[in-house]
Amino acid sequence: MATPETITVSIFDKDYQVSCPPQEVQALRDSAFFLDQKMREIKQAGSVLGLDRLAVMAALNITHELLSSTEAQKTAETTLAEHAAQLSR
């Protein structure tokens with residue numbers, strides 16, 4: 001097992017030290033960048049004040065996007081399976 005690497009990520013102009021396996025460093029950096037962008041979008045909309053509230057709103061938005069995407073994928077898989085079943089008749 002590889003030794004975890006500690007990296008610094010910047011989210012909303014604040015640096016965080018985070019440890020992760022070496023093979024996940026780029027994914028962690030990408031995740032931090034994505035979160036930073038979401039927080040900045042919310043801040044620019046001007047509706048949320050405070051770092052904690054920005055982080056919570058960003059987490060809620062990202063979670064909503066993930067769940068919607070997961071549901072859309074399930075629907076697509078079901079439709080594909082139904083079409084495959086019709087073709088095999």
Side-chain angles (χ1 to χ4, degrees):
M1 187 166 145
T3 304
E5 230 178 279
T6 300
I7 65 167
T8 302
V9 294
S10 182
I11 301 170
F12 213 73
D13 300 325
K14 185 168 178 165
D15 290 340
Y16 297 90
Q17 298 287 318
V18 185
S19 294
C20 70
Q23 67 273 17
E24 294 181 18
V25 168
Q26 189 57 50
L28 178 58
R29 288 187 194 283
D30 293 344
S31 297
F33 179 78
F34 187 80
L35 177 57
D36 181 75
Q37 293 303 304
K38 288 293 182 185
M39 290 177 70
R40 290 180 190 285
E41 287 173 16
I42 294 166
K43 178 69 173 177
Q44 189 155 17
S47 58
V48 178
L49 300 175
L51 186 60
D52 290 347
R53 290 187 58 84
L54 279 171
V56 169
M57 292 307 297
L60 284 171
N61 287 343
I62 293 167
T63 302
H64 174 69
E65 290 173 11
L66 173 65
L67 293 176
S68 295
S69 177
T70 301
E71 187 60 34
Q73 181 179 354
K74 286 180 186 177
T75 300
E77 288 172 358
T78 300
T79 301
L80 183 60
E82 289 170 355
H83 288 266
Q86 288 176 355
L87 289 173
S88 65
R89 290 184 189 155

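Scope of the values below: all heavy atoms of this structure, side chains included, with no hydrogens, waters or symmetry mates. Counting begins at 1 with the first residue of the sequence.
- Summarising the geometry of T8 relative to Q17, their closest heavy-atom pair is OG1-NE2, 2.5 Å, with the distance given to 0.1 Å.
- Cluster annotation: F33 and I7 are assigned to distinct hydrophobic clusters (Ile/Leu/Val/Met/Phe/Trp/Tyr, side-chain heavy-atom contacts under 4.5 Å, transitive).
- Of all non-hydrogen atoms in M39 and A55, the two that sit nearest each other are CE-N, 3.9 Å.
- We find the CD-OG distance between E5 and S19 to be 9.5 Å, quoted to the nearest 0.5 Å.
- Under the salt bridge (Lys or Arg N to Asp or Glu O under 4.0 Å) criterion, E65 pairs with K38, not counting sequence neighbours.
- Here F12 contributes atom CZ and L51 contributes atom CG; the two are 7.0 Å apart, rounded to the nearest 0.5 Å.
- The structure places CD of E41 at 8.5 Å from CG of N61, a figure rounded to the nearest 0.5 Å.
- Residues forming a side-chain contact (heavy atoms from CB on, under 4.5 Å) with V56 (at least two apart in sequence, or on another chain): L60.
- In this structure the side chain of D13 reaches within 4.5 angstrom of the side chain of R40, judged on heavy atoms.
- The same ILVMFWY cluster, assembled from side-chain heavy atoms under 4.5 Å apart, contains both Y16 and L35.
- Atom-to-atom distance recorded for H83:NE2 and S88:OG is 12.5 Å, nearest 0.5 angstrom.
- Ion pairing of D36 with K43 is absent here, as no side-chain N (NZ or NE/NH1/NH2) approaches a carboxylate O to less than 4.0 Å.
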Practice item. Give the C-alpha distance, both sets of side-chain angles, the deciding distance and a yes or no for side chain to side chain donor-acceptor pair (under 3.5 Å) between E77 and Q73. Key: CA-CA 6 Å; E77 288 172 358; Q73 181 179 354; 3.0 Å; yes
